[in-house]
Amino acid sequence: MPELPEVETIRRSLSRTITGKKIKSLDVRTKKLFIGSSDDMIGSTIISLKRWAKIFTIVLSNGRFVQIHLKMSGELLYAKDSKNAELKNILPRAGSKKLPNKHTRIIVFFTDNSALYFNDLRMFGWMKVTTKEEKPKSPDALSREFTVDHLQHVFCSTKRSIKTVLMDQEKMGGIGNIYANDALWQAKIHPARAAISLTITEIKKLHRAIIEILKEAIKYKGSSAKDEMYVLPNGEKGQYQNHLKVYHRTGSPCLRCKTKIEAMRLGGRGTFFCPKCQK
DNA sequence: CTGCGGTCCTGAAGGC
DNA sequence: TGCCTTCAGGACCGCA
């Protein structure tokens, strides 16, 4: 499930490959995933790719913005030759290695015959064309606005569990289930703690932990654990799944104290923690 | 404001 | 082997 590190990894990769390319045509195979008019993209050149939290924004030369949310199972795949597109390394359940495949929902063709494929097995994701960039007011977790003061302000007014608040995109952007779990382990804070109960020392520690974990995940190009279909635009997997702290590590020893990692449900989500060192 | 459960959707995993 | 049920999960929505 693409979270901030995965989306950022894809953004960096695509930024190198599709910036400057001119859009020739679109093939919208699954209409429900496309919002707006695909005609608004045709003939336009890609100026840049931006990211806020888990949302991509492709800036077009005609003043429009293409925004993309991959949600659970979305993938953005790039092929230089759309007439004969085949990826290496792509996870088997993402359909076949050939593109397009059964999970291909939208294809953006460029004038040089390369193409961008929006694949999405579960079809929760979306792509939309807008005339202005839409983004929530909350700070992206790797932005300058993501400060200790902001966290303190958010936490002091709610009794909700700290993990639920970290994943609330209205409060801060980019943290999903994997990195909420791992950041709380890094900060030695129990996920079920009421946000309001955190001390200033703990908030500082958590703030640092969030940034460290997200940066580490970007370093490893995101997480492609067994449940995740996340792949880079060339079909390559990320490697953070080999560096997970607690996520999906139920029964395995804590990396700090060797205590067995436990699992619980919190806000309907799988939650993993060390019962000894997370207080 | 808060939690809770349902919804979207598919395929993996488990039961028998 | 194969059918059937259950479940995961980001965001959102209605309800208590």
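Below, read A as the first sequence line, B as the second, and so on, with proteins coming before strands; counting in each chain starts at 1.
Residue-level contact check: A:Met72 touches the bases, meaning some heavy atom is under 4.0 Å from a base atom. Residue A:Ser73 is classed as having no contact, given no heavy-atom separation below 4.0 Å to the nucleic acid. Looking at heavy-atom distances under 4.0 Å, A:Glu3 makes no contact with the nucleic acid at all. Nucleic acid contact for A:Asn177: sugar-phosphate only, since backbone atoms but no base atoms lie under 4.0 Å from a heavy atom of the residue. Residue A:Gly125 is out of contact with every strand shown, counting any heavy-atom pair closer than 4.0 Å.
Rounded to whole Å, the distance from CG on A:Asn101 to P on B:dG11 is 11 Å. Rounding to whole angstrom units, NZ of residue A:Lys71 and P of C:dA8 are separated by 19 Å. Atom-to-atom, CZ of A:Arg122 to P of C:dA8 comes out at 11 Å; the value is rounded to the nearest Å. One atom, CD1 of A:Ile196, and another, C1' of B:dT2, lie 13 Å apart when rounded to the nearest Å. Counting to the nearest Å, the P atom of B:dC1 and the CZ atom of A:Arg160 are 10 Å from each other. The nearest whole Å value for the distance from the CG atom in A:Leu121 to the C1' atom in C:dC7 is 15 Å. For the pair A:Trp126 CH2 and B:dC9 P, the computed distance is 17 Å after rounding to whole Å. Rounded to an integer number of Å, the gap from CZ of A:Arg269 to P of C:dA8 is 9 Å.
Relative to the ring axis of A:Trp126, A:Arg105 does not place its NZ or CZ within 45° and under 6.0 Å from the centre.
Not one N or O on the side chain of A:Asp112 forms a donor-acceptor pair closer than 3.5 Å with the backbone of A:Lys21. The closest donor-acceptor contact from the side chain of A:Gln169 to the backbone of A:Met167 lies under 3.5 Å.
Annotation: of the two residues near DNA chain B, A:Lys32 and A:Ser161, the 5′-most nearest-nucleotide partner is A:Ser161. Nearer to the 5' terminus of DNA chain B, by closest-nucleotide assignment, is the contact made by A:Thr164 (compared with the other of A:Thr164 and A:Arg105).
Closest to the side chain of A:Arg265, from the set B:dT10, C:dA11, C:dG9, is C:dG9.
For the residue pair A:Asp120/A:Ser73, the side-chain donor-acceptor check at 3.5 Å is satisfied.
Of the side-chain N and O atoms in A:His69, one or more sit less than 4.0 angstrom from OP1 or OP2 of C:dA11. Residue A:Gln169 has a polar side-chain atom (N or O) positioned under 4.0 Å from OP1 or OP2 of C:dA11. Contact annotation: A:Tyr247 side-chain N/O to C:dG9 OP1/OP2 distance is under 4.0 Å.
Using bins of under 30°, 30° to 60° and over 60° for the plane-to-plane angle, the ring pair A:Phe146/A:His207 lands in the parallel bin.
A:Phe124 does not qualify as a stacking partner of the C:dA11 base, lacking a centre-to-centre distance under 5.5 Å together with planes within 30°.
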